[in-house]
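Here's the structure, in structure tokens; my notes come after.
Numbered from 1 within each chain, the chains take letters A, B, ... in sequence-line order.
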Amino acid sequence: MSDGVAGPGAVALPARPGVTATRVLRAEWVKTWTASATAWCVAATVLLHAAVALVSGYNAAAPAAGGLSGLLSLGLVVSQLPLALLGVVVSAGEHHDGSARSTYLAVPRRLPVLVGRAATVTAVAALAGGLAVAAAWASLLPFADRVGVTLEAPDGDLVRVVAGTVLHLLAVSLLGLALGAIVRRPAAAGVVALVWLLLLDQLLTMLGSEVALAIRAAMPGWAGRRVATPDEGLADLVRAGLPADPWQGYGILVAWTVAALLVAAPVVRRSDV
Amino acid sequence: MIEVADLTKRYGSTTAVDGLTFTVRPGAVTGFLGPNGAGKSTTMRMIVGLARPTSGSARVNGHAYADLRAPLQEVGVMLDGRTVHPGRTAWGHLMGLARTHGIGRARVQQVIELAGLTSVARRRVGGFSLGMTQRLGIAAALLGDPPTVVLDEPVNGLDPDGVLWIRGLLRSLADDGRTVFLSSHLMSELAAVANRVVVIGRGVLLADDDIDALVTRSARDGVVRVRSAEPERLGRALAAAGATVRPVDGDLLEVTGTDAGTVGALAAELGVPVLELGTVAGTLEEAYLDLTADAVEYGGTGARAAAGDRS
């Protein structure tokens, strides 16, 4: 295309034209990191996680269960939610404002977009998880002299619990991503994530029957958090006759996440936008 | 080059697009006309892979859109409706698209200037007027300097300056040898810029022709209008000569089945003073109304009769 309005030497076209996985990842990476929702969700994760540690440290009258590991991971029940919602927004948000059409015009095979988003969300969740644990630890420092606060991990489970906290957040954000890609409406997918990861656990706990607790043990939020539960908490589960293996629990969460992503892939690839 | 073959899209029991077959060739501006709800947008979305055909196929530059290695450098697309995150800047939106193809910042800057968006490039798209949003859509379509462009209602919301600008742009793209395919429901706009036109109604192909040929086929093309001092006497004579005469108002007659020369000669023979004599040229609008008379999805009957001005 030599001349004319659009083509007087179109500049900066690539020497090797084509959509590649790396290029799509770069595009999705920048889009996600520059979206304001990302900053909000990371901030909410860190604040919620630290706030729970702060309140438990402040109120603890007796040594907290699980020691430092327990205090650092206690906030996970609520701090997992902003990251699950981030996953939802990253995949469903573009359907809400119509920009999914621009995205899929540029990448008509579509699956590289889902992969690029999964990689980006994983990185965001890793950062948020690391910051959340660090903020929780920092928020305990002012109460280091209180009986309920110990800055030591008695059983040497600290590494597993901290790593588990971050790993749980990673998987939960990917589960949110898959839900958003399947449902495509951010509000609806957000409600599903909230109910599934939090309210359902609470409801089943309240019911308390053997069946209810068995179902709860298979739910992603509950099972996944076992990897971030201190040894002392796991021992309680064993005494109650409940499944307690931390990595098996995390495996259940990962299985749910992989299943959801496998459902999401054909929806992303085939549906009209 | 766009080749659409037996393209069909059904939503449940509704058939939005019904066995469309047509080809859009390079080096010309091809208009895509049809009443609201005729299936224009659905057809365009199937051409560019956003909607899956129920059956049939659409190929761009010889390939299904999804099989293009660098789609933005093959087909520039501007869709009707929202396609941009309102929180992003024009620059950010275009960069996001450019990154997927490894297109550099300099090209993004170039299309921003081309579309006249330089002064607002760093502003959030949410605050854009409809005209600016349209210009951003054009900028996105031209990003990869594509040989084919597909534009859904590109003049919507543009001010007169913008309309002139886009006419010039489309013409120069076609003169470059590119394929230009644009939909519109504004006949006058298409007549001003298109060489060819594809007309659909209720998802069915009604015409695929040169604009001139289509206009010539319109019912009013070639109607002779004659204003004379004695319309009744002239009318009788014309009818006797085998023409069809329709009195319009006062001293004006519309005559079909003859030509202006014959009418003038007959009037001279009768000694009837002719005040005005001429041949009606068909318009795209009339040709279009003829074609789509039965295919209007959402019609106000009175308005349509008035627009057609036919008895």
With distance as the sole test, does B:Gln110 use its side chain to make a donor-acceptor pair with the main-chain N or O of A:Val11 at under 3.5 Å?
yes
Taking atom CZ of B:Arg171 as the centre, report whether more than 12 heavy atoms of other residues, nucleotides or ligands fall under 6.0 Å from it.
yes
Gap between atom CZ of B:Arg52 and atom CZ of A:Arg269 - 0.5 Å precision:
6.5 Å
Part of B:Ile138 within contact of chain A (heavy atom distance under 4.5 Å):
neither
Side chain proximity check, A:Thr20 to B:His101, heavy atoms < 4.5 angstrom
no
Contact class of A:Arg110 relative to chain B, heavy atoms under 4.5 angstrom
side chain
Test log, rule side chain to side chain contact (heavy atoms under 4.5 Å, CB included), inputs B:Thr100 and A:Arg26:
CA-CA 7 Å; B:Thr100 60; A:Arg26 191 173 300 146; over 6 Å; no
Checking the side chain of B:Arg45 only, and the main-chain atoms of A:Val273 only, is there a donor and an acceptor separated by less than 3.5 Å?
yes
How about CH2 on A:Trp40, more than 12 heavy atoms from neighbouring residues, nucleotides or ligands closer than 6.0 Å, or not?
no
Has the side chain of B:Thr83 got a donor or acceptor atom that lies under 3.5 Å from a matching backbone atom of A:Ser102?
no
Does the side chain of B:Met95 come within less than 4.5 Å of A:Val30's, by heavy atoms?
no
Side chain, backbone, both or neither of A:Ser36 within contact of chain B (heavy atoms, under 4.5 Å):
neither
With no hydrogens and no angle check, is any side-chain donor or acceptor of A:Arg101 less than 3.5 Å from a backbone partner on B:Arg82?
yes
Here the pair of heavy atoms bringing B:Gly102 nearest to A:Pro14 is O-CB, 3.4 Å
I need the B:Leu68 CG to A:Leu105 CG distance, nearest 0.5 Å.
11.0 Å
With the side chain counted from C-beta on, respond yes when A:Asp272 and B:Leu50 share a heavy-atom pair under 4.5 Å apart, and no when they do not.
no
Chain A contact via B:Ile103 - which portion, at a heavy-atom distance below 4.5 Å:
both
When you measure from the side chain of B:Arg88 to the backbone of A:Lys31, do you find a donor-acceptor pair of N or O atoms at a distance under 3.5 Å?
yes
Donor-acceptor pair, A:Tyr104 side chain versus B:Gly49 backbone, under 3.5 Å?
no
For B:Pro71 versus A:Pro108, what's the shortest heavy-atom pair and its separation?
CG-CD, 3.4 Å
